[in-house]
Amino acid sequence: MQDTFFLVIFYVTAAVAVLSTLLMISRLNAVHGLLYLIVSSLSLAIIFYLLGAPFAAALEVIIYAGAIMILFVFVVMMLNMGHKGVEQERQWLKPGGWIGPGLLALVLFAVFVPALSGGLVSTGPRLVSAKAVGIALFGPYLLVVELASFLLLAGLIGAYHIARPPEITGDDSDSLTSARHHDDIAIEPLQGAG
Amino acid sequence: MVDVALIDHVFILAAILFCLGLVGVLVRRNIIFMLISMEIMLNAAGLAFIAAGSAWGQPDGQVMFLAVVTLGAAEVAVALGLTLLLFRRYQSVDVDNLKELRG
Amino acid sequence: MTMTELHALLPIIVIAGISVVLMVMTAFFRHQRLASLITYGGFIAAAVLVAGQTGSGPQQATPLLIMDEYSRFFSLVILVTSLAATMLAYDYLRRSDVFKEEYYILLSLAVLGAVVLVSSNHFAAFFIGIELMSVSLFAMVGYMVQGRTRRAVTLEASVKYMILSGVSSSFLLFGIALVYADFGVLSFSGLHSLLGLHSTSSYSQIGAAMIVVGLAFKLSWVPFHMWTPDVYEGAPVPVTAFLATVSKVSVFAIIVRFFIESGAFRLEALVQALVWIAVLSMLVGNGLALLQQNIKRLLAYSSIAHLGYLMVAFIAIAGSNLANTNLAVEATAFYLVAYIVMSLIAFGIITTLSSPERAEEAETLAHFRGLFWQKPGLATAMGLALLSLAGIPLTIGFVGKFYVFAAGVAGQLWLLVGVLIVGSALGLYYYLRLIMEMCKAPDTEPAISREETPLENRVVLSALGLVLLVIGIFPNGLITTVHAAVAVLR
Amino acid sequence: MLDWLWLVPGLPFLGFLILFAGQGKMPKRWTTLVGVGSVGLAALVTLLIAVEFYGTPEAALTYRQTLWTWMEAGSLKPGFSLYLDGLALSMLFVITGVGFLIHLYASGYMYEDEDFPRFFTYTNLFVAAMVMLVLADNLVLLFLGWEGVGLCSYLLIGFWYRDPENGRCARKAFIVTRIGDTAFAIGLFLLFRELGTLDIQDAMSAATATWPRDSGTATLIAVLLLGGAVGKSAQLPLQTWLPDAMAGPTPVSALIHAATMVTAGVYLIARTHVLFQLSTDAMQLVALVGVLTLLMSGFTALTQTDLKRILAYSTISQIGYMFLALGVGAWSSAIFHLMTHAFFKALLFLTAGSIILSVHHQQDIFKMGGLRKALPVPFATFLVGCLGLTALPPTSGFFSKEQILNAVWSSPTGGQLIWAGAVLGAFITAIYTFRMFFIVFFGEQQTEAHEHKGFKFHVPLIVLAVLAAVGGFFHLPLTSALPHAGHDHVPLGVEVTAIALPMVGVLLAYLLFYRQIPALRQLFETGPLKSLAAFFYSGWAMDWLYDRLLVKPFVALARWNSKDLVDQLPAVVSRGAALFHRLLSLSQNGQLRYYVATMALASLVVMAVAVYTG
């Protein structure tokens with residue numbers, strides 16, 4: 001009884017995940033896409049929980065649905081594409097454009113399915129508590145934690161450096177303004193061309 | 001507990017999500033959608049790790065998932081910075097603008 | 001974590017320390033010379049620590065990393081290469097108008113990733129190392145994306161590298177997850193014992209294939225190579241130098257260890273696929289380089305071909321005979337060193353001739369026309385590097401190619417050795433074309449003003465040139481070292 | 001004394017290093033001293049070695065010197081080892097001896113050139129590489145020398161880089177020889193694969209032990225090696241680069257494209273003669289290549305007007321004789337002819353250089369004429385050279401060519417037909433040689449000439465002239481290194497024909513180009529054929545005459561061949577490569593999404609292969 005209930009929840013959530021992902025990749029409006037991505041992440045979190053990984057489920061919600069999505073939303077808001085963006089997307093997403101990639105993905109999936117059916121030596125999903133994960137993280141996997149922090153540091157410094165106006169050398173006192181000013185001049189002809 | 005086949009089905013689900021993410025990267029010209037699709041592919045890999053860890057009853061899968069999430073966050077940070085620059089340069093988020101380098 | 005483990009990890013801690021110290025320093029004041037000196041000092045200190053541990057036997061530091069002769073050898077190679085690449089970059093950066101200090105932070109993070117990568121014998125460290133290096137490289141490729149004198153192509157290069165690298169990382173991760181699902185083990189050596197126990201299921205077959213796909217991207221094996229020329233051309237040339245050497249070599253070093261320790265060579269179908277990838281890499285790389293006019297692209301294509309040559313030795317490792325296997329591993333290690341020396345010289349010269357203050361890289365034939373008459377020293381070094389890349393005797397490149405050839409012959413890989421010969425014949429054409437260009441009359445005004453070569457560049461380039469020749473004539477010293485380094489891989 | 005062997009390649013290499021380090025900033029005197037002196041000292045060491053060598057009994061005539069083990073890759077341990085035997089010593093004589101004379105000459109000839117030091121930098125490197133090629137005891141070292149001389153040849157053909165045409169010639173030479181080199185590399189590779197050793201002597205003894213006579217593998221490898229030899233030695237069908245190689249300075253033509261490098265193919269076949277002996281087919285092919293080349297290029301030489309190109313074609317033709325000798329198993333005759341040819345051809349080239357310099361870089365023979373009085377020394381030495389080339393007794397060329405022709409007659413791979421071809425070739429050689437001689441030195445003077453006098457110009461010419469005259473009496477220490485051909489007894493008539501025909505050729509040339517023109521004039525001035533006489537008066541008309549009557553079909557064939565068919569080979573290779581490049585470049589279209597798609601498709605293939613075939 002409980003098993004059946006478990007399975008029903010699993011297959012329903014899986015269907016939701018697939019559907020929301022499908023909707024996400026086909027949306028014209030970026031914000032809609034992001035919302036579907038959150039739905040997809042949440043359903044994955046449920047599946048993580050069903051698989052006995054509550055720690056990962058929480059992580060999925062907090063980091064994916066929480067942090068990473070927020071970054072995307074910020075950027076979408078900054079770019080402020082609005083209706084113009086939707087119109088452009090409509091032009092870009094011709095139905096014909098889906099055929100090739102779709103076929104490719106189907107064949108890829110066809111390779112996956114037989115390979116991933118059976119042959120796995122396992123005893124079914126088992127609960128791995130947050131405590132066990134914590135012990136592993138700060139035991140044998142201590143270096144993963146440390147190195148992951150350096151990975152984030154690399155991302156941080158990279159993003160900080162790339163998205164920031166450049167250093168201005170010389171006697172220009174109001175350096176930041178002049179850098180932006182310069183940038184505007186640089187993109188003007190392109191604006192006209194676009 | 002449940003049928004052993006369930007684990008296989010989780011992997012099939014991961015494969016579906018992986019393929020959908022790939023389609024997203026291939027079809028979309030909007031760099032933001034490409035990045036989101038990449039996140040989906042990473043997420044699919046994360047799901048596979050969770051499933052594997054669960055199948056073996058080991059915490060290693062979740063540790064790897066943590067690493068995957070970290071990678072996703074770091075990658076997105078740099079990628080969004082580049083997205084802003086792309087938009088500033090071309091007034092568009094179309095990656096097909098980028099075709100000067102070739103031959 | 002025990003004290004012995006901590007001691008073994010000391011070089012890695014030092015490298016990580018560089019980035020932290022630099023970050024703290026940059027928060028208070030900016031000073032490129034100081035930042036560069038800290039970086040050099042850190043690399044040298046780490047290298048000395050690694051060298052000091054050489055010969056002290058293998059030491060497993062947590063389940064993730066192993067410090068043995070193999071990883072020490074490649075850590076040392078990476079540190080010395082990074083030191084040279086950083087020194088070559090100094091003047092280039094100085095003349096550019098972006099913030100300089102972040103470059104050193106990102107570079108030390110990338111080196112940290114590379115050293116972790118070559119020391120890993122566990123998927124977790126393997127994956128974190130490779131991604132730490134990649135994420136730092138995204139930012140380094142796009143380092144000059146802002147600034148008064150940015151080049152339009154820089155943005156393109158970094159976006160391309162980022163997207164493609166992200167996709168390939170997903171393949172890599174998915175593959176690791178599938179292999180893990182099959183065996184329940186994440187360490188390489190754990191896989192080895194299991195691969196013997198039960199015949200490989202389709203999970204690990206497809207998983208191993210996806211891991212290979214993910215790494216094939218990093219190594220620009222054909223047909224996963226398409227980003228290479230674009231990124232090489234678009235990136236600032238010091239970054240290209242780093243990307244072409246450290247990132248390629250560390251990934252190749254670890255794929256050798258992974259394949260040997262995990263027993264992945266037993267997957268015959270995969271090895272067969274690798275054979276075709278190797279054939280394609282050698283042919284397509286050389287074919288694309290043939291009439292290429294842009295030097296950076298030319299070197300990118302030639303590096304694709306060289307990675308293909310390396311694959312000949314790599315595939316020869318799969319052979320059944322133990323002596324031949326050892327020979328093949330030695331050949332890969334030797335060729336990697338040779339490849340670093342020649343590529344670093346070539347990119348170092350381009351760096352020296354480029355003028356970032358005018359957003360101009362010395363990448364056209366015009367920049368090299370008549371170089372022999374204007375900068376004989378630089379032109380000689382470039383000529384040596386090209387001759388070595390072409391595999392002309394008495395250079396390190398020839399010895400390396402010979403080694404690979406010997407490994408291929410010992411492994412009876414006739415198809416690959418045949419393609420290796422044909423590829424080398426093609427290669428000679430475009431390398432000599434460039435040499436001819438340098439010998440031509442400097443009839444027009446040089447395309448760029450050729451100022452005095454900075455001392456740092458002169459020292460590094462002459463040292464590398466000397467290494468290229470000395471090892472080309474007396475390679476036995478390096479061969480002995482390599483022999484000792486690879487002996488631990490069984 | 002034999003311990004000094006390493007100095008023979010070492011000294012020129014040291015010279016190269018000094019000149020290279022000097023970067024053209026040394027005074028010209030020092031440059032001369034280093035450039036010429038290093039080769040001179042090498043020649044001296046060779047001489048000292050030869051003295052000791054001749055003192056030992058012939059059976060023990062080999063010497064091996066290992067400088068250091070180069071590298072150890074598994075079971076492969078190619079060393080920096082030199083191997084000296086009679087064959088190598090004979091080659092050393094030519095390379096260092098003739099090389100020294102040419103260097104001495106060049107120090108005068110090139111003196112005014114602004115790139116004087118660069119010239120000696122290249123030529124010293126060339127001599128070092130050529131000596132290395134000859135002394136190599138293993139195939140890797142031999143390949144080093146082989147590539148090294150190719151590189152130097154390429155650099156020297158394009159020496160005057162300011163003229164883009166010279167760059168084109170250099171590239172052409174490079175590409176064409178590259179085709180041969182690839183065959184050569186594959187041949188070496190197969191040899192190594194089958195016999196498992198890189199040592200030449202070991203490989204040769206292993207070859208006889210492993211393969212039966214006429215085995216397919218031996219034939220295949222021999223043919224591939226022949227491919228390399230054909231490329232380097234400018235034989236059919238890869239001969240077209242050599243005439244273009246004349247774009248280089250004349251001493252280079254003498255040194256590289258007449259005396260030494262182009263004969264490397266002959267040396268290679270002689271060095272691996274054991275292999276060729278195993279295969280009758282390969283020997284037959286060598287002989288055929290030789291005889292066809294010598295005929296074809298002989299006829300082409302008849303039609304040329306450029307002095308250096310005539311000599312270039314005659315070089316191809318003479319190397320054809322050497323190949324023919326190799327093909328019929330007359331190994332030592334081939335090397336003997338190689339030496340005598342080096343003497344008289346270097347002499348001819350250097351004299352031609354003097355002439356060309358005297359008449360202000362005019363190379364067209366029809367614009368010279370009557371130079372006999374203005375240039376007495378070149379006249380005398382050129383005559384000696386021509387006699388040698390024509391193989392008139394008792395010059396050196398006579399002895400070597402006589403040996404070859406006799407061997408051809410009695411050899412199983414030769415035969416009467418090939419012999420007839422070779423004799424016809426000798427006849428044509430006589431005609432074109434003396435056509436050149438008479439037109440340049442007799443008749444009316446067309447241009448003023450200033451002879452360049454001096455030690456550096458005259459001494460090499462005179463020494464070479466003496467060598468070309470008496471070189472036939474030398475005894476090369478080849479009996480231990482190469483199988484003895486034995487004395488071939490041929491019918492007296494055959495021998496007489498072979499000796500007489502060149503003389504007839506000289507006579508014909510004399511009549512046509514020296515005597516006959518005024519005689520014809522007298523004949524035609526009185527009769528109705530007056531207008532025709534005017535027509536024949538010019539040398540061009542004579543050209544036209546024999547063109548029509550004598551050699552029309554052959555010339556047509558030669559022209560068609562040299563202009564179209566064979567030129568197509570490198571052109572096809574380079575065009576094919578260019579097409580390959582363009583097709584591939586299309587794939588590199590810069591579209592990010594296309595890159596992702598390619599990557600995904602490739603991943604799909606790899607994954608499918610791994611799963612379904614595993």
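Chain letters run A, B, ... following the sequence lines, proteins first and then strands; every chain starts at 1. On a predicted model such as this, the values are computed, not experimentally measured, just so you know.
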Query raised in the report: Aromatic rings A/Tyr141 and C/His122: how do their planes relate, parallel, tilted or perpendicular, breaks at 30° and 60°?
Result: perpendicular
Report summary line: Output for pair (A/Leu153 CG, C/Met23 CE), nearest 0.5 Å, gives 4.5 Å
**Report entry** Closest approach of C/Ala139 to A/Gly158 (non-hydrogen atoms, all atoms of both residues)
**Finding:** CB-CA, 3.4 Å
Query raised in the report: Of the non-hydrogen atoms in A/Pro114 and C/Ser202, which two are nearest, and what is the gap between them?
Result: O-OG, 4.3 Å
Requested in this report: Please look at C/Leu65 and chain A and tell me whether the side chain, the backbone, both or neither of the residue comes under 4.5 angstrom of a heavy atom of that chain.
Outcome: side chain
Query raised in the report: Given that the side chain runs from C-beta out, which part of C/Met133 has a heavy atom under 4.5 Å from chain A: side chain, backbone, both or neither?
Result: neither
Report summary line: Rounded to the nearest 0.5 angstrom, the CG-OG distance for A/Leu151 and C/Ser136 is 8.0 Å
**Report entry** Inter-residue atom distance A/Glu146.CD - C/Ile13.CD1, 0.5 Å rounding
**Finding:** 9.0 Å
Query raised in the report: Where do A/Pro140 and C/Thr62 come nearest, in terms of heavy atoms and distance?
Result: O-CB, 3.9 Å
Query - Contacting moiety of C/Ser134, where chain A heavy atoms sit under 4.5 Å - result: neither
Requested in this report: Counting only heavy atoms closer than 4.5 Å, note whether C/Leu178 contacts chain A via side chain, backbone, both or neither.
Outcome: side chain
Hey, can you pull the donor-acceptor pairs under 3.5 Å for the side chains in residues 206-214 of chain C, sequence neighbours left out?
none

Query raised in the report: Side chain, backbone, both or neither: which part of A/Ala159 has an atom under 4.5 Å from a heavy atom of chain C?
Result: neither
Report task. Apply side-chain contact (heavy atoms from CB on, under 4.5 Å) to A/Ala132 and list each qualifying residue two or more places apart in sequence or on a separate chain. Result -> A/Val128, A/Ser129
**Report entry** Toward chain A: residues of residues 104-114 of chain C with heavy atoms under 4.5 Å
**Finding:** C/Ile105, C/Leu106, C/Leu109, C/Leu112
**Report entry** Which atoms of C/Tyr103 approach chain A - backbone, side chain, both or neither, heavy atom under 4.5 Å
**Finding:** neither
Query - Residue pair A/Leu143 / C/Leu9, side-chain heavy-atom distance below 4.5 Å - result: yes
Requested in this report: Report yes if the side chains of C/Leu64 and A/Leu147 come closer than 4.5 Å at any heavy-atom pair, otherwise no.
Outcome: no
Do any side-chain atoms of residues 57-74 of chain A form donor-acceptor pairs under 3.5 angstrom with protein atoms, and if so which ones, sequence neighbours left out?
from    : atom 1 : to      : atom 2 : distance (Å)
A/Glu60 : OE2    : B/Asn43 : ND2    : 3.1
A/Tyr64 : OH     : B/Glu39 : OE1    : 3.4

Query raised in the report: In terms of heavy-atom pairs under 4.5 Å with chain C, which of A/Leu152, A/Val111, A/Ile162 leads?
Result: A/Ile162
Query - Check: C/Tyr203 side chain, A/Leu116 main-chain N or O, donor-acceptor pair, under 3.5 Å - result: yes
Report task. Could you check if a side-chain atom of C/Phe99 sits within less than 4.5 angstrom of a side-chain atom of A/Arg164, using non-hydrogen atoms only? Result -> yes
Report summary line: Looking only at C/Leu132, C/Leu155, C/Ile12, most heavy-atom pairs under 4.5 Å shared with chain A are made by C/Leu132
Query - A/Phe150 and C/Val20, any side-chain heavy atoms less than 4.5 Å apart - result: yes
**Report entry** Segment of A/Phe112 engaging chain C (4.5 angstrom heavy-atom cut-off)
**Finding:** both
**Report entry** Close side-chain approach of A/His161 and C/Val145, heavy atoms under 4.5 Å
**Finding:** no
